[in-house]
Amino acid sequence: MDSKYSPQLVEEKIYKGWEEKEFFKAKINHKKKPFSIILPPPNANGSLHLGHAMFTYEDIMIRFNKMKGKETLWLLGLDHAGTETQFVYEKYLKKQGKSRYDYKRDELYKMIWDYVAENKSTIKNQLKRLGFALDWSREKFTMDPEIVKIVYKTFKDLFNQGLIYRANKLINYCTNCGTSFSDLEVVYTEKIDSLFYIKYQIKEGGSIEVATTRPETLFGDTAIMINPKDKRYIKSIGKTAIIPLINKEIPIIADSSVDIKFGTGAVKVTPYHDFNDYEVGKRHNLQMVQVIDFDGKLNNLTGKYQGLRIFSARQQVVTDLQASGQMVKIKTDYLHRVGSCYRCGKALEPLPKEQWFIKIKPLADKAKELIEKKETEVLPKRFKKRLLAILDNFIDWNISRQVVWGIRIPAYRCKAKNEWFISTDMPEKCQVCGNHDFEQDEDTFDTWFSSAQWPFATLMTEGQDFFDYFYPTSVMETGHDILRAWVARMMMIGYFSTKKTPFKKVFLHGMVRDPKGQKMSKSKGNVIDPILMINKYGADALRVALIFGTKEGGDVALSEQKVIGMRNFINKIWNVGRFVEINQKVVEQFIAPEINSAMNRTTTKTLLKELDKEYKKEKKQYLKYMEGYQFSKALGLVYEFIWHRFADYYIEQLKDEVINGNIEALGSLKSVYLENLKMLHPFIPFVTEEIWRVFNKESILKSSL
RNA sequence: GGACCUGUAGCUCAAUGGCUAGAGCGCUUCAUUCACAUUGAAGAGGUUAAAGGUUCGAGUCCUUUCAGGUCCACCA
């Protein structure tokens, strides 16, 4: 053994060894209890970042349970990440002066497919660098034909049970990117805009003033509303207002959603261009008129304004209202929040569009039951409340996306009767009218619709027996930031399809932050590349740096300094091994000469007894922590023991004895040390394996805890 | 606006209501032909945000205030 441990020389070699011996390949073994984790599938549109390195928790669970004698499965998969990936690819096209509209659907799809294939192989190599004990024989991709088949079946089942409906609803639409987003994907940004006070004449006499940030939508107004408790306007209810510029007549109605104190207390209602107005429109059975199109331009219902983009239309309308004397005043410093596109940053347009929706309430109620009945345990506990609150407030889920890259929705429209039918296979004839005249929906599924099915869909493709053995999975380990987008949906859809919880436990980890606790982002320039850290200090050091001294579920402040500190810990473990190895060689050479010991025999015996006692206590506590999913504590315990008790105290005290050939002392030290290597293996698999092989023939993975 | 979380050493964070509140990094002094300078020993550094309460006992539980963060809802 060298005086320094060099991860660069051994890690890749060790990993290859594990792979060749298929240590991570899961089998059905009814003599053993199963332990399974499905890897949250990384998006196949880039490379891994530090957040992915947090999957170390899963590796710890897998290796620990394997050494505890369970049959383990850690299933690898990758996500196509529809909208996100297409966006990344479009940026790439733009650099070459091209756009997605230069290609046919099939061409674009094929190009993105190749791009994704490249990323997949990068990511897989990176997962290996991290030392993850993934089952490489069962790699899955969200667009595998067998997975798509299951996704289609789920859609059809949901449809048949009345949980899928198609509706013309307001959606968040980016006119720049050409796709809709679910409410979860909307990013709100603060913006200073003008608030315009506009006078509407009342047919019966007089006038009423409204305040709006969007005068250009007045063509789509179908009512004016006021609060029924507002004495100022009570007489106006039921009268008819006249829209300026186009002189259209609309009713004045009362709705309690109006804030009396805001603006003038009177609001123009534009159901097809505002979410709140849409609800009002439904409540009052108002007419709904779309005046802005999906290209972001005003349409033919706006007369001379037709063809203008939203912003120019606004300016023109304002100018014309000023000319006609109907613009009362303009407040230019109005601060509000605007929903914007997370891809391009432009303001999202609420627009009416026919989309597929999932009726969430019945599904969410079942998911809540799973939590309440402890079919699914939430760890750390404090996230339970949050998950329940999320399930309480889930609104119907829009699963249509207007992108090419994704799983195309298996819904077909009968052209003759304008009715829809669902078919998991490409239909030969229309299932509505019996003719051939039908067309498939152009849209693809929201990525999360397939992700929501990941635990059961992946296992189902491995056959019924495999599914029965490993499902429900033991743990779902992921970041707490996607509780709503992913965890909640997996529970809802998972239960719907299998009538079981998809996972018995949810274990949530925190976010990786920079040394000052700030979010890591490219724009801040504080991003740490996990592969760079591995190249410099080894995967073990990085893994432990993410876990040491943290609270479960809490954020981790990661610095290169911390990784260095952990590298030192790895080296310490290495050198303890080296001490044992060197002395063992000496003992072997001289065939245990009985040399006069400088130390009193009784003292030595007492020390060894103390060591044994302390080690037993340590191991007991370690198992308690590990079984309680308190990994950081388990690690801290062994860290403290091996460094500050075992090395600093016991080795120092027994050093002279050992060097003088005391076999008993060396033997005790060695056996306690090897036990500690096993305890550390789930955390730092590489160095423990490398040292283990100095003393043992078999891999440390073949040992048991 | 609603909910939740956090506030502990210079920095980042630990601490089932129980002994002298700990670790990593940083800092000071000393050691060094030794398994390890990626080391060891010793040390400085704390009114646990503030106030009040419960308790034999509070960093921990309760109330209030202050400060910061996260998620959700988003009012023209």
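The figures here come from the full heavy-atom set of this structure, side chains too, leaving out hydrogens, waters and symmetry mates. In the text below, chain A, chain B and the rest are named by the order of the sequence lines, each starting its count at 1.
- In this structure, A:Tyr649 reaches neither bases nor backbone, as no heavy-atom distance under 4.0 Å exists between it and the strands shown.
- Across all strands, A:Asn276 comes closer than 4.0 Å to no nucleic acid atom at all (heavy-atom distances).
- Ring centroids of A:Tyr334 and A:His336 are separated by less than 6.0 Å, placing the two rings close together.
- Taking only side-chain atoms of A:Arg513, from C-beta outward, the nucleotide of B:A41, B:U70, B:A35 with the closest atom is B:U70.
- Of the C1' atoms belonging to B:A9 and B:A14, the separation is 13 Å, rounded to the nearest Å.
- Here B:C25 is the nucleotide among B:C36, B:C25, B:G24 with the atom lying nearest to any side-chain atom of A:Gln561.
- A gap of 13 Å separates the C1' atoms of B:U8 and B:A23, to the nearest Å.
- A residue-by-residue look at A:Asn575 and A:Asp514 shows that A:Asp514 has its nearest nucleotide of RNA chain B further toward the 5' end.
- Comparing B:A76, B:A35, B:G40 against the side chain of A:Trp643 picks out B:G40 as the nearest.
- Salt-bridge formation is not detected for the pair A:Arg645/A:Glu640: no Lys NZ or Arg NE/NH1/NH2 atom is positioned less than 4.0 Å from an Asp or Glu carboxylate oxygen.
- In this entry B:C56 has B:G18 as its Watson-Crick or G-U wobble partner, both defining distances falling under 3.5 Å.
- Spacing of P atoms, B:C19 relative to B:A3, comes out at 36 Å, to the nearest Å.
- Put simply, the side chain of A:Arg386 and the base of B:C4 share no donor and acceptor less than 3.5 Å apart.
- If you check B:A76, B:C74, B:C4 against the side chain of A:Arg337, the one that comes closest is B:C74.
- Both A:Ile260 and A:Lys633 lie close to RNA chain B; mapped to their nearest nucleotides by heavy-atom distance, the more 5′-ward contact belongs to A:Lys633.
- Comparing B:U20 with B:U63, their C1' atoms are spaced 31 Å from each other, to the whole Å.
- Taking the side chain as every heavy atom from C-beta outward, A:Thr478 and A:Val487 approach each other to under 4.5 Å.
- For the pair A:Glu690 CD and B:A35 C1', the computed distance is 16 Å after rounding to whole Å.
- The side-chain heavy atoms of A:Glu209 and A:Ile198, taken from C-beta on, include no pair separated by under 4.5 Å.
- On the C1' atoms, B:C66 is 30 Å away from B:G26, given to the nearest whole Å.
- What separates NZ of A:Lys655 from C1' of B:U39 is a distance of 10 Å, to the nearest Å.
- Using a 4.0 Å heavy-atom criterion, one finds that A:His336 contacts the sugar-phosphate atoms exclusively.
- Among the protein residues, A:His644 comes within range of the sugar-phosphate backbone only, with heavy atoms under 4.0 Å from sugar or phosphate atoms but none that close to a base.
- Side-chain atoms of A:Tyr188 lie closest to B:C74 of the nucleotides B:G24, B:C74, B:A76.
- Within 4.0 Å of A:Ile570, counting heavy atoms only, lies no atom of the nucleic acid at all.
- Contacts of A:Arg382 with the nucleic acid, taken as non-hydrogen atoms under 4.0 Å apart, are absent.
- In this structure B:A44 sits in no base pair that meets the Watson-Crick or G-U test at under 3.5 Å.
- Pairing for B:U38 is absent, with no Watson-Crick or G-U wobble pair whose two atom distances lie under 3.5 Å.
- Pair check for B:C11 finds B:G24; Watson-Crick or G-U wobble, both atom distances under 3.5 Å.
- Looking at the side chain of A:Tyr639, the nearest of the listed nucleotides B:A35, B:G24, B:A76 is B:G24.
- Listed by residue number, A:Phe548, A:Gly549, A:Lys551, A:Ala557 are the residues of residues 534-557 of chain A with a heavy-atom contact under 4.0 Å to RNA chain B.
- The residue A:Ala211 sits close to a base: some heavy atom pair falls under 4.0 Å.
- Across all strands shown, A:Glu581 has no heavy atoms under 4.0 Å from either base or sugar-phosphate atoms.
- A donor and an acceptor atom sit less than 3.5 Å apart, one in the side chain of A:Lys572 and one in the base of B:C36.
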